[in-house]
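Scroll down for the structure; my scribbles are underneath it.
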Amino acid sequence: MLLHIVLLDPADDAGLTRIKSTMADLAAVAEKLPGLTRFDHGPNRDFEGKSQRYPYGFCCTFTDRAALEAYAADPDHQAAGAQLVASCKGGANGIFVADLEV
């Protein structure tokens, strides 16, 4: 399985509002794609004080790399991703992504 972790650095309060509303679009993508088994999102509580830059994020669980690649190629995911890029400080530079094999 793959855990796709995305942390977001909103450009401003309006960006954070847009990010939160975009989560519904990503949840809809998660419901339609086989191999995407779980989608979760929420505020980053940063209990260790190591990621204050990223106050919000989401995680997706995929059965395998092919499922992750299908997600990446999905037009609805790409549209939601463009909304996230537009909402983050520095565009794509305001987004941290990690893919963990678990």
How long is the gap from [atom1] on [X] to [atom2] on [Y], to the nearest 0.5 Å?
{"X": "L84", "Y": "L8", "atom1": "CG", "atom2": "CG", "answer": "5.5 Å"}
{"X": "L3", "Y": "E101", "atom1": "CG", "atom2": "CD", "answer": "11.5 Å"}
{"X": "C59", "Y": "H4", "atom1": "SG", "atom2": "NE2", "answer": "9.0 Å"}
{"X": "L68", "Y": "T61", "atom1": "CG", "atom2": "OG1", "answer": "11.0 Å"}
{"X": "I19", "Y": "S87", "atom1": "CD1", "atom2": "OG", "answer": "5.5 Å"}
{"X": "Y54", "Y": "L7", "atom1": "OH", "atom2": "CG", "answer": "7.0 Å"}

Review point. Is there a chain of hydrophobic side chains (I, L, V, M, F, W, Y, each step under 4.5 Å between heavy atoms) that links V97 to Y71?
Key: yes
Check your understanding: Can you check whether C88's main-chain N or O pairs, donor with acceptor, with D9's side chain at less than 3.5 Å?
Key -> no
Practice item. Examine distances only and state if a side-chain atom of Q52 and a backbone atom of D46 form a donor-acceptor pair shorter than 3.5 Å. Key: no
Review point. If you count the non-hydrogen atoms of other residues, nucleotides and ligands that lie under 6.0 Å from CG in D13, is the total more than 12?
Key: no
Which atoms form the tightest heavy-atom contact between [X] and [Y], and what is the distance?
{"X": "P43", "Y": "Y56", "value": "N-CE1, 3.6 Å"}
{"X": "D76", "Y": "V29", "value": "CB-CG2, 3.6 Å"}
{"X": "P10", "Y": "G15", "value": "CB-C, 4.0 Å"}

Exercise for review: Test I95 against V6 for side chain to side chain contact (heavy atoms under 4.5 Å, CB included), laying out the working first.
Suggested key: CA-CA 7 Å; I95 301 174; V6 180; 3.7 Å; yes
**Study point:** Min side-chain heavy-atom separation L2-R65 under 4.5 Å
**Key:** yes
Point to revise | ring-ring contact (aromatic ring centres under 6.0 Å, His included) partners for F58, two or more places apart | key: F39
Quiz: residues 20-28 side-chain donor-acceptor pairs under 3.5 angstrom, not counting sequence neighbours:
from: S21; atom 1: OG; to: R18; atom 2: O; distance (Å): 2.9
from: T22; atom 1: OG1; to: R18; atom 2: O; distance (Å): 2.8
from: T22; atom 1: OG1; to: Q83; atom 2: OE1; distance (Å): 3.1

Review point. What do the steps show when you test L100 against I5 for side chain to side chain contact (heavy atoms under 4.5 Å, CB included), and what is the final call?
Key: CA-CA 8 Å; L100 306 179; I5 302 165; 3.6 Å; yes
Practice item. Would you mind checking if D74 and K32 are paired as a salt bridge, meaning a charged N to carboxylate O distance below 4.0 Å? Key: yes
